[in-house]
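For the numbers below, each heavy atom of this structure counts, side chains included, while hydrogens, waters and symmetry mates do not. Each chain gets a letter, A, B and so on, in the order the sequences are listed, and its residues count up from 1.
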Amino acid sequence: MIGRMLSYQLLCSDLDTGATVRFMSDYFQDAVSTLISLLTLFSFLAVMVLSLVWLERKALGRLQLRLGPTRTGPFGLLQPIADAVKLVLKEDIVPNDAERVIFWVAPIIVVISAFMLWVTIPFTPGIVVENLENMGLFYIGAVGVIGILGLVLAGWGSANKYGVIGGLRAAAQLISYEIPLIMVLISVAIVTQTFNLVDIVNLQSPVPFVLVLPLGFVLFFVAGLAEVGRTPFDIYFAESEIVGGPFVEYSGAHWAVFFLSEYINTFAIATLTVLLFLGGWSGPFLPSIVWLLIKIYAVILLIFWIRGTLPRLRIDQLMAFAWKVMVPLSFYLVVCCSVYVFYEMPWWALTVMSLFGLLAVGVIIYRYITAPARKVAEVRERLRSLQMTQEE
Amino acid sequence: MLSTVKGMIQTLSSTFRGLRGPVTKLYPENPTVVQNRFMGFPGLTWDKNVDEPFCTGCMVCIRNCPTQCMTATMKDNPKFADESSKRRKIVDEFEINLNRCILCGICVNVCNFDAIVMTHEHEESGISRDGSRMNLSGLLEIGGRYQTQTGWQPSSKD
Amino acid sequence: MMQDNSENQTIDMMLNMGPQHPSTHGVFRMELRIDGEKIIDVKPHIGYLHRGSEKLSEGEQYHQVVTLFDRMDYLANFNNELVYCMAVERLLDIEPSKRTEYIRVILCELNRIASHLLYVGTIGLDAGAMTPALFSFIGRDRIQTLFESISGARMMHNYFKIGGLKEEVPTDFVSMVKGIMPEIRQDIDQAEKLLTFNEIFLSRTKDIGVITADQAIDYGLTGPCLRGSGVNYDVRKSEPYSVYSDFEFDVPVGLDGDCWDRHWVRIKEMDESLKIVEQAINNLPDGDVESSLGRRLIRPSAGEVYVKAENPRGEIGVYIVSDGTDKPYRLKVRPPSFCNLSAIEPLLQDSWIADSVVILGSLDIVLGEVDR
Ligand code: SF4
Ligand code: SF4
């Protein structure tokens, strides 16, 4: 960002004259400025990840009537740093049978894809590495999928059966949930008629899209949870079943890289939720970046809260949920948005349509997921009648 | 759905409860409070009246210990000769391998002289296996600490 | 075992679950043959925690064997001590005093609650919810602190003596137990509310790992695993031992024999246990808890005895052969966990990998008892 501002000044004359001729030195300056802004982004994300680690441990601790980290620094604030140092200093064990190249490349793929997502995510209209004007959303949808490859490779390369199962689970889960995610992105793009994230946020200034597209918000959040493998969708590294899935053989710095990418992805999903549905950086009184961070952390706390409450789904239930509920509903959403744009309806019409969809999803989920509960109720009823007959 | 929401509300309320008073405590700052009857490692007691251990080295506890973790030898009590003590024999060497001790308290139950007690000692971890072999002086030390801490008195059965 | 022989053939994969696996409840190993995510065959391996308790008992005097029973099912120490003491008492033909029996029952039922609370935590962990485990440990800790103030140890108590108790309970025993009862009730509520009727938990456990009543009887299941299948069999009711016939309590019974029913039976059992504790503490007789044997060496006359009791995990049986010396000639335990675990093969057939840990969790085994 700073680099970018710098380069704007350097290229000022170019811009003034329409920038038809650019010399090699200009390209060089451009590259340098991009590099600087990327580095800034990197360090910003690192700080964010550290804060997330601390927040997660502390929030989960409090949810469970524990203290969370306390030893390292005031309130255990330095705990993530201690964690990181510990992980980096640990021995990096590579299993004998592992496919070495794949084993080494997999974490890099994962973390690079996690970082690439951030290139086009704006923090305020001014602070963005490269606001891809015409293809911001498109780019996010495209880049977001690369991480799956890394996970599958990690599972395969570590020559561990838990790893293979985990990798395949990851592929199945992430690809399934990618579809509703992208459909929601498309419907947002249809409504706003742009792929530009800055424009999308600016268009939300009177009414945030969570009111216009409540269904979209829910779909995006749920699919996002599944994308980053958060409870109740932490199937692919389910600790109690396949002991960490693709990461089972990784240790030390390699594992730290996976860890890093996981948190970056969580942060990205929370940020995208805020940008697309919660009005981004707009808000009264406070500076825009503060508003953005407040909203992001609220979403993240919600994610942690869910993690502290719910058990995990099973893989077949998860897939059924994706293909029977999420995908049809996301298509429905796209159709709604197209109709809305085509007939130029007022915005609340879309809300109504979206709410209708939400109602449908509520009913479907309710019926699907409470089938056992209803059975239990039935059983209780039978028991009660049994007891009554006995008493008589 | 409903029950899920209920669960979410419950964890939220427990968060606020946890903020007011978390259940867990920081360990070295808040040392574990042991109950009166807590059975820590066994220790030997000291007869303050005569200034000698209660233990006579009679080996009853050693024969009754389920893990055979103790050894003892006895000797003639020098204080018996000058009539300052009623004990004819007194313990000479006593060793308990605290690694093997299972803290069952049988030795305390079988001892006829109130010579051995389950102390409140429970933080005996060390870095060498040898360190947990307690000899007579060590056992008397932790036993003596127990005596002063709890005001232990021998029961008047003998 | 192959599902289909069309061109889309898959090959089986062997997957070793355990002995170092977070969800096998100790050191249990399952050799799974899986086809994708489905389990088509399972071979259980036990014995990693074998300490030879039965053989060791032959070398210990009768009063020392109690310590071994403490360590067999390390989550239900008092219950184990009780059944052993009862067996030797029957061998000696002595009766402990009424007060002893009442205190024993109170402690055993509290221990049952502690054990079931731990179960709630572990089934939560197996299903992927980490919070119930921490909630349930609050109640368990309360009970264990009570045990510590009574017996001196939190887990390996060695408090029941043959014919009596080691020492009289503390003077404030009654008020202590009465004091923690409402708190325990609250803790149970808090721990299980997150799970029992949670939709995701229901979908993970209802109709999973079904075992019919006939099958359950054939496999020798006892305890909540048998009652979950709808068989009303509880040693405390059918052949009341100790003073259980004095108390009024129900035996909760499931219907379908799936994981959820086993879970539900355990939750309800905790309530029943609290009921028993309440009745016992209100009618606690006065008297002596000293054993009538005093400190004499225990030397039963030659003979044999089989005594059974209801542990948190099921029916435990102790068979002792005495040859007239101060040590048992032979001691055999019928461990409930071992018999319950024997049903793992039919239960896991054709289930998902994710279900395997939940099913194993719902059997609630203690490896210390399985391997002895
Ligand atoms: S502690 Fe007691 S039983 Fe053991 S040797 Fe000393 S006097 Fe005898
Ligand atoms: S407590 Fe038990 S194991 Fe330890 S020394 Fe005494 S009798 Fe032996």
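- Looking only at side-chain heavy atoms (C-beta outward), C/Leu134 and A/Leu65 stay at 4.5 Å or farther from each other.
- The structure places CH2 of C/Trp352 at 8.0 Å from CD1 of A/Ile315, a figure rounded to the nearest 0.5 Å.
- Checked options C/Leu202, C/Asp126, C/Ile200; the residue passing with A/Pro311 is C/Ile200 (criterion: side-chain contact (heavy atoms from CB on, under 4.5 Å)).
- In this structure, chain A has heavy atoms under 4.5 Å from both the backbone and the side chain of C/Phe201.
- Counting only distance, with no hydrogens or angles, the side chain of A/Lys161 and the backbone of C/Asn16 share no donor-acceptor pair below 3.5 Å.
- The contact between C/Ile208 and chain A is made entirely by side chain atoms (from C-beta outward), counting heavy-atom distances below 4.5 Å.
- We find the CD-CE distance between A/Gln64 and C/Met130 to be 4.5 Å, quoted to the nearest 0.5 Å.
- In this structure, the separation between CG on C/Leu195 and CG on A/Leu310 is 10.5 Å, given to the nearest 0.5 Å.
- The distance from atom CD1 of A/Ile165 to atom CD1 of C/Ile353, rounded to the nearest 0.5 Å, is 3.5 Å.
- The shortest side-chain heavy-atom distance between A/Val243 and C/His21 falls under the 4.5 Å cut-off.
- Heavy atoms from other residues, nucleotides or ligands lying under 6.0 Å from CD of C/Gln186 number 12 at most.
- The 12-atom threshold is not exceeded at NZ of A/Lys90, counting heavy atoms of other residues, nucleotides or ligands nearer than 6.0 Å.
- Annotation: the span from A/Leu63 atom CG to C/Thr131 atom OG1 amounts to 6.5 Å, rounded to 0.5 Å.
- In this structure, chain A has a heavy atom under 4.5 Å from the side chain of C/Gln190, while its backbone stays farther away.
- No salt bridge links A/Arg314 with C/Glu37; every basic N to acidic carboxylate O contact stays at or beyond 4.0 Å.
- For the set C/Ala354, C/Pro132, C/Ala133, the entry with the most heavy-atom pairs within less than 4.5 Å of chain A is C/Ala354.
- Of the atoms belonging to A/Leu60, it is side-chain heavy atoms, and not backbone ones, that fall under 4.5 Å from chain C.
- Of all heavy-atom pairs between A/Tyr162 and C/Met17, the closest is OH-CA, 3.3 Å.
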